[in-house]
Number of protein chains: 2
Amino acid sequence: MDEGVRERKKRETRAQISEVATTLFFERGFDAVTVEDVARAAGVSKMTVFNYFLRKEDLLFDRESEGVELLRSVLANRGKKSALVALRDEVRRLVASESVFTTFDHSVLSFWKLVQGSPALRARTRELADEARDSLVPHLERPNADLVAGVIVAGWRAGYRAGLEAARQGRSAKKAAAELERVLDVTLVAARAAMRG
Amino acid sequence: MDEGVRERKKRETRAQISEVATTLFFERGFDAVTVEDVARAAGVSKMTVFNYFLRKEDLLFDRESEGVELLRSVLANRGKKSALVALRDEVRRLVASESVFTTFDHSVLSFWKLVQGSPALRARTRELADEARDSLVPHLERPNADLVAGVIVAGWRAGYRAGLEAARQGRSAKKAAAELERVLDVTLVAARAAMRG
DNA sequence: CAAGAAAAATAGACCCGGTCAAACTTAAAC
DNA sequence: GTTTAAGTTTGACCGGGTCTATTTTTCTTG
């Protein structure tokens, strides 16, 4: 028995809450929805919500940690490549596979707008960025590892912003993705420069 | 009449509150002190505290915006220098003038410890970093300005961490400051690389 | 100097995110 | 079917932060 009734219900409840919450957030904006609103709409108590999600922001960023997970796995299975090259190659692969195009479609633009509209959510993105940086440091060669990790994360954020901005201006998702790739290429150069010292 | 009783009292009250608050924070830790504690100790009401300081964190970071101010003035009066060189020169000047040494003395180490011990304060430092980045962008040459600003801020943060870490390990403030300067030099190289593309 | 305008401080109620303790419900294990 | 443990709920509580109405204080002007 891999999954009893208990486990199943937990998974369902969690998914239910997250889904309901996301819907409400898009309808009314993050700050205008209280946790109790979410709880009521999900047919559950406020405590239960906080039982599944540590912070209110996690209701939205639930699968955002997948990004950190991907980062980790790329660095873990990089063979003889340097961390920098492995990351660059992964980005190229993503852009080539076109799966990244959906990153800059309309739905993600409104997601971005939602995030930008809430101080708490913006703060959470910053926190996630710092976490990514810290988890990156051990995979980089010793001198200046902290700086290099910071540069990479700064580059990722800048690339993301550039892509979203391009998409916001009505350019195609493909062009937006290309913009992301370009900024990341520049970032790679900068990171290498930082690594040499 | 440049300053009536009204202005003077405002200034005094504000200083009083900030001072009392800082003392309490160092005594008991940021999260263990409530705003009402601060208000009571300052002989004032809670509302008055929030009247002078928008957020609780501002009670501690009151003069932290001086840094942003310095940044602004350096960039404004840089003559023909590039923004990057102007910033590098300012850092050199600070380190040479030894005024930066006090940045890594014991009192600032405990300040740092205080900040690191509180999620709210750490979040605020991240917010300040992003604000600094955004205020930097307009002063940089066009292509990749956003990325370059991000690199500079990442470098500044990394340098600061490096200096504090050196100080924490018992090295002299002078050596810690030299460490900061070294990281910033590397950052300059990386930023230049990012600028060229 | 007196009286009213303007600014600032106060008390108090209120909202929301988040935590805690204790009781209750439900599924698991025997 | 009874015990045991996990999960949920309720309700109280705390602290940051906002709002309103009231009072105190300073400034101004006649």
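Everything quoted here is computed from the prediction, not taken from an experiment. Every chain is numbered from 1 and lettered A, B, ... according to where its sequence line falls, protein lines coming before strand lines.
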How close or far is atom C1' of D/dT8 from atom CZ of A/Arg40, stated in whole angstroms? 18 Å

Is there a side-chain polar atom (N or O) of B/Thr48 under 4.0 Å from OP1 or OP2 of C/dA9? no

What are the two closest non-hydrogen atoms of B/Ser45 and B/Ala39, and how far apart are they? C-CB, 3.6 Å

Round to a whole Å and report the spacing from CZ of B/Arg124 to P of D/dG16. 16 Å

B/Glu12 has an atom CD; how far is it from atom P of C/dA8, in whole Å? 15 Å

Value in whole Å for how far the C1' atom of D/dT18 lies from CZ of B/Phe53: 18 Å

Going through the checks in order, is the side chain to side chain contact (heavy atoms under 4.5 Å, CB included) test met by B/Leu59 and B/Tyr52? CA-CA 9 Å; B/Leu59 286 167; B/Tyr52 283 103; over 6 Å; no

How close or far is atom C1' of D/dC13 from atom CE of A/Met47, stated in whole angstroms? 12 Å

Residue-phosphate contact under 4.0 Å: B/Asn51 side-chain N/O, C/dA8 OP1/OP2: no

Nearest 0.5 angstrom please: A/Leu109 CG to A/Glu165 CD, how far? 9.5 Å

Separation of atom NZ in B/Lys10 from atom C1' in C/dA9, rounded to whole Å: 12 Å

Parallel, tilted or perpendicular: ring planes of A/Phe25 versus A/Phe30, cut at 30 and 60 degrees: tilted

So A/Val91 and A/Leu87, side chain to side chain contact (heavy atoms under 4.5 Å, CB included) or not? Walk me through it. CA-CA 6 Å; A/Val91 170; A/Leu87 290 171; 5.7 Å; no

Relative to B/Phe50, does B/Lys56 satisfy both conditions: NZ or CZ under 6.0 angstrom from the six-membered ring centre, and within 45 degrees of the ring's axis? no

Taking only nitrogen or oxygen atoms into account, show me every contact under 3.5 Å that the protein makes with nucleotides 16-18 of chain C, one pair per line with its distance.
unit_1: C/dG17; atom_1: OP1; unit_2: A/Lys56; atom_2: NZ; d: 2.8
unit_1: C/dG17; atom_1: OP2; unit_2: A/Val35; atom_2: N; d: 3.1
unit_1: C/dG18; atom_1: OP2; unit_2: A/Lys56; atom_2: N; d: 2.8
unit_1: C/dG18; atom_1: N7; unit_2: A/Lys46; atom_2: NZ; d: 3.1
unit_1: C/dG18; atom_1: O6; unit_2: A/Lys46; atom_2: NZ; d: 2.9

Is there a side-chain contact between B/Tyr52 and the phosphate of C/dA9, meaning an N or O under 4.0 Å from OP1 or OP2? yes

